[in-house]
Amino acid sequence: MLTSKPANLALIVVAQVLALALWFSGTAAGPAMAREAPLPPGFLAWLTGGVQLGFVLGTLGSATLALPDRLDPRRLIAVAALIGAAANAVMLVLPVGDTGVILARGVTGLALACIYPVGMKLAAGWATKADVGLVVGMLVGGLTLGSASPHLVNALGGLDWRVTVGAASVLAVVAAGLILGTRLGPAHAPAPPFRPGLALLLFRTRGTRLATLGYLGHMWELYAMWAWIGAYLAASFAAAGTTGSPALATFAVMGAGAIGCVAGGLIADRIGKARLTIWAMAISGACCLVAGPAFGAAPVVTVLLCLVWGATVVADSAQFSASVAEYAPPGLAGTMLTVQTCLGFALTLPAIHLMPLLAERFGWGGAFAALAIGPALGCVAMARLARG
């Protein structure tokens, strides 16, 4: 078993990258599934939305039962990764378009609720006050890169969506084995159990209220952008008459977020969490507005814009959680973070499902412009927090 801090953090991050390939495996495979057989209305949106809903329910259930406190977090992650891998693989045996596929995506989300948040807790056990922004940023970077990886497999696997789905399950199984090779850090401590009766304190306490409002603005944009950026790039490439690979471009755009997360963590440790989130949301919000004019432009222009967008849209993600933990009443950080996470991921559902409706009516420019509302409001909330 590894003993040094760098080695343990590296293994935790690698395991997160591999396991979180489950998150967008269905999303990446969706377009090829649609070419293979007619899909029910809203099916593509629910390939992502099902995971989001499962994640929300799983987070609440895990926190209510205090699973990360009652069980070894490494074993919890390993078991969840195996369950997620099995649920994801169910897509391979069901008919294309079957409602059971959406149910399987929901179970995958339930499993991810015991992988990503618990992995954050595992990594935080190795963090110090001086590097907490970087450590948390690394974990969110792992989430980002893992979420992007199915698009890379999709690009390499051609039109066979089963390669994408199958590879994600295999990677999750490998992650289950790797995470068992880590050990608990010196700062590891049981998180306070979820206490529903105290949840309203999240909005009664000024610091946690503003940080959560900023987080909600951020989440309105983030997962809707991730869910539909591949379709946007494919349509833009087609409008420009190019034969480039939209799947590979999507991987690069989402993968840029991993760099943004690490850079964001380093910067936040120096200039402050609130200021970092304001800058990141201002830039990503501007990208929402420019996505329309960039549609159908030369691919190098569109991809460069999306690379900036991909790096900034998630660069601030970890800092909202760190802010809530900082301002939470003593002993209630676990409750506050649980409520914040559940509210944020619940908000991703309407955003994800509105996008295709807005794109059909107003085009991709109008759809992505609607996402800019989130970071704009988030900037206002975090500016108030920064003023103290």
S.K.: Under 6.0 Å from the CZ atom of Arg206, do we count more than 12 heavy atoms belonging to anything else shown?
M.R.: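 Yes, the 6.0 Å shell around CZ holds more than 12 heavy atoms from other groups.
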
S.K.: Tell me whether the centres of the aromatic rings in Phe368 and Trp309 are closer together than 6.0 Å.
M.R.: yes

S.K.: Drop me the distance from Ser284's OG to His218's NE2, to the nearest 0.5 angstrom.
M.R.: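 The distance works out to 8.5 Å.
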
S.K.: Could you grab the distance from atom SG of Cys114 to atom CD1 of Ile83, nearest 0.5 Å is fine?
M.R.: 8.0 Å

S.K.: With a cut-off of 6.0 Å (strictly less than), are more than 12 heavy atoms of other residues, nucleotides or ligands near CZ of Arg209?
M.R.: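 Enclosed: over 12 neighbouring heavy atoms sit under 6.0 Å from CZ of Arg209.
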
S.K.: Treating Trp161 as the side-chain partner and Glu36 as the backbone partner, does any N or O pair qualify as donor plus acceptor under 3.5 Å?
M.R.: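 No; zero donor-acceptor contacts below 3.5 Å.
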
S.K.: Are side-chain N/O atoms of Gln52 and Trp23 paired as donor and acceptor at under 3.5 Å?
M.R.: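 A donor-acceptor contact under 3.5 Å links the two side chains.
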
S.K.: Does the Thr59 side chain pair with the main chain of Phe55, one donor and one acceptor, at a distance under 3.5 Å?
M.R.: yes

S.K.: Could you check, using the six-membered ring where one of them is a Trp, whether Phe43 and Trp46 have ring centers closer than 6.0 angstrom?
M.R.: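 Here the rings of Trp46 and Phe43 have centres that are no less than 6.0 Å from each other.
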
S.K.: Have Ser25 and Asn88 got a donor and an acceptor in their side chains that come within less than 3.5 Å?
M.R.: yes

S.K.: Does one side chain, of Gln319 or Thr277, offer a donor that lies under 3.5 Å from an acceptor on the other?
M.R.: no

S.K.: Give me each pair satisfying salt bridge (charged side-chain N to carboxylate O under 4.0 Å, His left out) with a member in residues 308-329, each pair once, sequence neighbours excluded.
M.R.: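 Qualifying pairs, neighbours excluded: Lys273-Glu326.
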
